[in-house]
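Single-structure report; data block below.
So that the names make sense, note that chain A is the first sequence line, chain B the second, and so on, each numbered from 1.
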Number of protein chains: 2
Amino acid sequence: MDSDIGQELRPRGRPRAFDGEAALEAAMRSFWASGYDGASVDQMCRVTHMSRASLYQSYGGKEGLFLAAIAHYAETRVARVAAALGPNGTLAEDLGAFYQEVVRLATDDPETPGCLISCVLSDAAGSNARFREELDHRFMAFEARISARLDHAGWPSLTKVQSRIAAGLAAAIARGIMLRARSGSGHEDLAQVADAAVLALLQLSD
Amino acid sequence: MDSDIGQELRPRGRPRAFDGEAALEAAMRSFWASGYDGASVDQMCRVTHMSRASLYQSYGGKEGLFLAAIAHYAETRVARVAAALGPNGTLAEDLGAFYQEVVRLATDDPETPGCLISCVLSDAAGSNARFREELDHRFMAFEARISARLDHAGWPSLTKVQSRIAAGLAAAIARGIMLRARSGSGHEDLAQVADAAVLALLQLSD
DNA sequence: CCATATAAAGAACGATCATTCTTTAAATTG
DNA sequence: CAATTTAAAGAATGATCGTTCTTTATATGG
């Protein structure tokens, strides 16, 4: 009764030897670099400093750890890309910032090229129904976020292209850039494609 | 000396029990549907009607069979997409036909959604240097093909966007569409995105 | 008909994988 | 200082994988 005084409440038994946040970050990076099949549970235990027992206790298995890593990725990486959409400035400025973040995310670290969702989850979804469902949700949420930004800018509802479709195009471009980064394209090349993407999308609203 | 008369020359030993062309088509579809890791050698022997011994004799192993399947895919599937670029009509018409073929290829058969190169090879390249090289070549060739079509249409060389970059954008869109098809998007949705892509790309040349 | 050559069929091998189980260590509670 | 609770460490398990090897079948050449 006197152990949970203040903020130092310690659970009953032997304390964990790993840091949950750091473990998730390390697991995420391992999946990102090696793919779902390519990253073994042994490798995961090594990089997260977790025992197999702890991994299964905390996440239920490899599949659960992967889903947790995806959520961590969405909160720490995708969130930055989505935040660039603002609205912070004009639509042109925000789209420019958006694609700049996309290229940065895809090329910043040569150990983790491309996108954990577009490249890794997208592949794992092929042979796992739970992952397919997760991918669908993530993709739809991403497109909805872009669509909302276009609507906020007063996207002409009478034009040939609805904001929902334009958002689908914008998202497809972002994923194409992620894929190209995975295959070795560098920051310079992709930044030029990103600039062209902004121009092309903006002229769609005329 | 009298066995190779005419076109009926038969090799010396026991004749093959499988058809090379049909085997390649079946192997391609299996890799396309299940991914590189997801398709086992056992599965390959079943669908191609080859014995393990024949598979290793003819293709050297799983890796060689996959590369042969990629080549077969490029010759039979990608070739149709590239052919749509013509030049057959105006740039607008040809781009429209191009993306129509992209969407068709990605959504035609629900057993094989998306693109064998953009989705499957792209993933396998992550853990195999030979596959990475192959992917790079295929991606560059695809972009060069689009770029040549833009140049042929007299793509304004003085505009803000070079044809090489515009081709990179056009290819990124195609790959984004392939990826979205893999995650379950249907023909209708993607066709609308494809139409928007044509509009956006054309307005880039103004 | 016999020697030779090629392919089919499938057993066998070694490696790797995800998962579970057993034992040991380190903490709190009374 | 026991008793209890939780985690770490790692061996054990069963399945699957890509590859190789052995045996059998089917063709041609002389």
Do NZ/NE/NH1/NH2 and the carboxylate oxygens of Arg77(B) and Glu25(B) come within less than 4.0 Å? yes

Roughly how many Å is it from OH in Tyr59(B) to P in dT19(D), rounded to a whole number? 15 Å

Figure out the CG/P separation between Leu55(A) and dA9(D), and round it to whole Å. 13 Å

If a pair satisfies side-chain hydrogen bond (donor to acceptor under 3.5 Å, both in side chains) and one of its residues is in residues 109-123 of chain A, list it, with sequence neighbours excluded. Arg29(A)-Asp109(A)

Nearest whole angstrom, please: distance from the P of dT20(C) to the CD of Gln57(A). 12 Å

For Tyr56(B), ring pair (Phe, Tyr, Trp, His ring centres under 6.0 Å) partners two or more places apart: none

From CZ of Arg52(A) over to C1' of dC17(C), roughly how many Å is that when rounded to an integer? 10 Å

What residues, two or more places apart in sequence or in another chain, satisfy ring pair (Phe, Tyr, Trp, His ring centres under 6.0 Å) together with Tyr73(A)? Trp32(A)

Interface with DNA chain C, restricted to residues 38-47 of chain A and to heavy atoms under 4.0 Å: Ala39(A), Ser40(A), Val41(A)

Can you check the Glu63(A) CD to dT19(C) P distance for me, whole Å? 8 Å

Within this structure, what is the OH-to-C1' distance between Tyr56(B) and dC13(C), rounded to whole angstrom? 13 Å

Salt bridge (Lys or Arg N to Asp or Glu O under 4.0 Å) partners of Glu133(A), counting only residues at least two apart: Arg130(A)

Please list, chain by chain and in numerical order, all residues satisfying side-chain contact (heavy atoms from CB on, under 4.5 Å) with Asp94(A), sequence neighbours excluded. Pro87(A), Asn88(A), Arg149(A)

With a non-hydrogen cut-off below 4.0 angstrom, is Arg16(B) in contact with a base, only sugar-phosphate, or nothing? sugar-phosphate

5'-most contact on DNA chain D: Arg12(A) or Gly61(B), nearest heavy atom basis? Arg12(A)

How many whole angstroms separate atom NE2 of His49(A) from atom P of dA9(D)? 10 Å

